[in-house]
Trainee: 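What follows is a single structure, and I will ask about it in a moment.
Computation of the quantities below employed the complete heavy-atom set of this structure, encompassing side-chain atoms and omitting hydrogens, waters and symmetry-equivalent molecules. Remember, predicted model here, so these are calculated numbers, not experimental data.
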Amino acid sequence: MASAAQERAPREIERDIEHLRMRLDRSLAELDRRRHELTNVKLQMRKHPMVFIGAGAVVVLLLGGVGFAIYRSHKREEIPQKAKRLRIAIGRAVDEPHKVARGDAPVWEKIVAAMGTTIAVSLTKKIIERTWNQSPPPKVA
């Protein structure tokens, strides 16, 4: 096997290298041409008009949706709209008062809240005491 590679003439090897180099150059030129074609927006618009029409429609719909959302949020802040929402809320409260607010909290919830408050107050007091005791004494001049 090694002797077969050694038996080839240098001219034949050079010819093969030149042939491979030409093929590589052609491939690179084709890739470069395709890259330029792909990044040419006007050419792509001529080749694929429906894609650009669809993309434009999507952009218009998105911008329209954002604009409508902004319009509606400003409209909701107007006094008549606020009054209308308040009237509806009061009507619901009158119709179904049991859904407006829940009753007293369960006992276990009250116990947990009391314990949490006690622990928070205790920790805060200890932190304040440590900070107060660690402060340097005032300098006497």
Trainee: When rounded to the nearest 0.5 angstrom, what is the spacing between CD1 in I17 and NE2 in H19?
Mentor: 12.5 Å
Trainee: In a table with atom names and distances, give each donor-acceptor pair under 3.5 Å that connects a side chain of residues 40-65 to protein atoms at least two apart or in another chain.
Mentor:
{"from": "N40", "atom 1": "OD1", "to": "K42", "atom 2": "N", "distance (Å)": "3.3"}
{"from": "N40", "atom 1": "OD1", "to": "L43", "atom 2": "N", "distance (Å)": "3.4"}
{"from": "Q44", "atom 1": "NE2", "to": "E37", "atom 2": "O", "distance (Å)": "2.9"}
{"from": "K47", "atom 1": "NZ", "to": "E37", "atom 2": "OE2", "distance (Å)": "2.7"}

Trainee: Between D32 and R35, what is the shortest heavy-atom contact and its length?
Mentor: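 Smallest heavy-atom distance, with atoms named: OD1-NH2, 2.6 Å.
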Trainee: Just wondering, more than 12 heavy atoms not from R34 lying within 6.0 Å of its CZ?
Mentor: no
Trainee: Salt-bridge test for E18 and R21: reply yes if a basic N is under 4.0 Å from a carboxylate O, no otherwise.
Mentor: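 R21 and E18: salt-bridged.
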Trainee: Indicate every side-chain donor-acceptor pair of residues 78-93 with a distance under 3.5 Å to a residue at least two apart or in another chain.
Mentor:
{"from": "R85", "atom 1": "NH1", "to": "R76", "atom 2": "O", "distance (Å)": "3.1"}

Trainee: Just list the side-chain donor-acceptor pairs under 3.5 Å for residues 118-126, sequence neighbours left out, or say none.
Mentor:
{"from": "T118", "atom 1": "OG1", "to": "A114", "atom 2": "O", "distance (Å)": "2.8"}
{"from": "T124", "atom 1": "OG1", "to": "A120", "atom 2": "O", "distance (Å)": "2.7"}

Trainee: Measuring from R130:CZ to N133:CG, what's the distance to the nearest 0.5 Å?
Mentor: 10.0 Å
Trainee: If I take atom CG from residue L24 and atom CG from residue L31, how far apart are they, to the nearest 0.5 angstrom?
Mentor: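 Going from CG on L24 over to CG on L31, the span is 9.5 Å.
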